[in-house]
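Reading through the structure tokens given below for one structure.
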Amino acid sequence: MIALHHLDVPWRPADIQQQEGRILRQGNLNPKVKIFRYVTEGTFDSYSWQVIENKQKFIGQIMTSKSPVRSCEDIDEAALSYAEVKALATGNPYIKEKMDLDIQVSKLKLLKAEHTSQRYRLEDNILKRYPLQITSLKEQIAKYQEDAETYQQHKFPSKDIFSVKLGERVYTDKKEAGEALLELCKLAKQSDTELAIGEYQSFSMKLSFEALLFKFILKLSGKNSYKVEVGTDPLGNLRKMNNALEGIAKKLEASTQELATVEHQLEVAKEEVTKPFLQEAELAEKLERLSELNALLNMEERTEEGIALEEGEKQESEEPERPAGRISVIEKLGEKRKEVEQHKKNDILCHGEKTEKKIMPER
């Protein structure tokens with residue numbers, strides 16, 4: 001297929017895409033194709049394209065889950081093309097200009113609404129979100145620093161040295177300590193709460209069982225808590241505990257970087273919130289021109305209505321000429337009424353009624 005011709009307006013926007021899918025598809029050997037849409041000026045085509053334009057707007061907003069005040073892309077591209085076709089069918093250059101301005105003003109209004117919404121979000125972030133994040137991160141960093149110092153003070157000087165307290169007993173053999181930890185898991189499985197099972201390098205140890213995930217979680221708690229998933233390998237669990245404590249320094253570094261990022265975002269937000277809407281002058285200019293076009297179109301409509309009204313009054317005021325020799329209905333009714341009155345007078349005389357009885361004069 002090389003060209004597609006749309007002769008009428010479909011009822012659903014999806015019908016247009018479905019019809020164009022016959023030519024815009026894989027396997028078409030033509031590098032370029034043409035699509036024609038036919039409209040008749042001054043006909044019902046304008047209204048039909050307006051209907052399908054409104055449908056496409058609503059469908060585009062619902063299917064993309066976008067709010068109309070978020071961005072200018074919420075006006076669907078297909079809806080804009082439908083609006084242009086509708087404007088071409090009207091035949092009035094002012095209407096075409098008005099519709100173009102309507103589209104541009106809609107975009108600018110949405111951009112302004114987005115700018116206003118963004119400014120409100122920035123103000124909210126400046127007053128609430130960023131200060132809370134900064135305070136929380138500073139507290140977290142202080143806890144990480146204290147835990148890191150505690151770990152460095154009580155860290156084993158060599159790999160051969162080992163000690164852990166489980167229950168009331170202190171284990172210095174890694175294998176025995178690992179097996180004892182697995183035995184404590186049986187008790188944790190029967191309990192609904194965390195069990196305090198001992199201490200490791202000045203960090204308290206708590207064990208719990210998550211029934212939904214069917215796994216055991218070991219917490220090493222200082223100022224912060226560091227979770228370790230307990231497996232079936234006795235020595236592997238001890239290595240996980242050491243890795244968790246070694247990772248405190250990395251967590252401290254990550255929190256410090258996050259704090260710097262949030263503080264930078266706060267400074268940027270303070271600058272952005274003071275910036276005005278850059279296209280305010282363009283929007284005002286287009287709104288002014290749009291008001292002029294609306295007034296002009298209203299004047300044209302009123303002029304056309306006045307001309308039609310004058311013609312109608314003229315037609316009503318002009319009485320049609322009656323052909324010669326033809327009696328009107330009103331004249332016939334008048335003659336009939338005279339005959340009825342004459343019969344009433346004759347009846348009165350025949351029955352000898354009082355002659356003082358007056359007959360109502362004919363109006």
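Reckoned from all heavy atoms, side chains included, excluding hydrogens, waters and symmetry mates. Bear in mind that the values here come from a model prediction, so they are computed numbers and not experimental data.
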Compile the donor-acceptor pairs under 3.5 Å between side chains in residues 267-283 and protein atoms, sequence neighbours left out, one pair per line.
| residue | atom | partner | partner atom | Å |
| --- | --- | --- | --- | --- |
| E272 | OE2 | K275 | NZ | 3.1 |
| T274 | OG1 | E271 | O | 2.7 |
| E280 | OE1 | K112 | NZ | 3.3 |
| E280 | OE2 | K112 | NZ | 3.2 |

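- Residues L195 and V170 do not share a hydrophobic cluster, clusters being chains of Ile/Leu/Val/Met/Phe/Trp/Tyr side chains in contact below 4.5 Å.
- Under the salt bridge (charged side-chain N to carboxylate O under 4.0 Å, His left out) criterion, the residue pairs touching residues 246-259 are K155-E246, with sequence neighbours excluded.
- L287 places a side-chain heavy atom less than 4.5 Å from the side chain of K109.
- R239 is linked by a side-chain hydrogen bond (donor to acceptor under 3.5 Å, both in side chains) to nothing, counting only residues two or more places apart in sequence or in another chain.
- No side-chain heavy atom of D147 sits less than 4.5 Å from a side-chain heavy atom of L245.
- Identified under the salt bridge (charged side-chain N to carboxylate O under 4.0 Å, His left out) test for residues 128-137, with sequence neighbours left out: D124-K128.
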Give every donor-acceptor pair under 3.5 Å between a side-chain atom in residues 130-143 and any protein atom, sequence neighbours left out.
| residue | atom | partner | partner atom | Å |
| --- | --- | --- | --- | --- |
| T135 | OG1 | P131 | O | 2.8 |
| Q140 | NE2 | Y144 | OH | 3.2 |

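- Looking at L218 and Y200, their side chains never come closer than 4.5 Å, going by heavy atoms from C-beta outward.
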Identify each donor-acceptor pair in which a side-chain atom of residues 157-168 lies under 3.5 Å from a protein atom, sequence neighbours left out, and give them as a table.
none

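- Here the side chain of N237 pairs no donor or acceptor atom with the backbone of G178 at under 3.5 angstrom.
- For N224, the side-chain hydrogen bond (donor to acceptor under 3.5 Å, both in side chains) criterion is met by no residue, not counting sequence neighbours.
- Judged by distance alone, with hydrogens and angles left aside, the side-chain atoms of S117 form no donor-acceptor pair with the main-chain N or O of A113 at under 3.5 Å.
- With sequence neighbours excluded, the residues forming a ring pair (Phe, Tyr, Trp, His ring centres under 6.0 Å) with H5 are F36, Y38, listed by chain and number.
- In this structure, Y120 has no ring pair (Phe, Tyr, Trp, His ring centres under 6.0 Å) partners at least two apart in sequence or on a different chain.
- Scanning for side chain to side chain contact (heavy atoms under 4.5 Å, CB included) contacts around L213 gives E210, K215, with sequence neighbours left out.
- Here I23 pairs with M1, L4, N28, V33, I35 under the side chain to side chain contact (heavy atoms under 4.5 Å, CB included) rule; sequence neighbours left out.
- Looking at residues two or more places apart in sequence or on another chain, you find no side-chain hydrogen bond (donor to acceptor under 3.5 Å, both in side chains) involving Q257.
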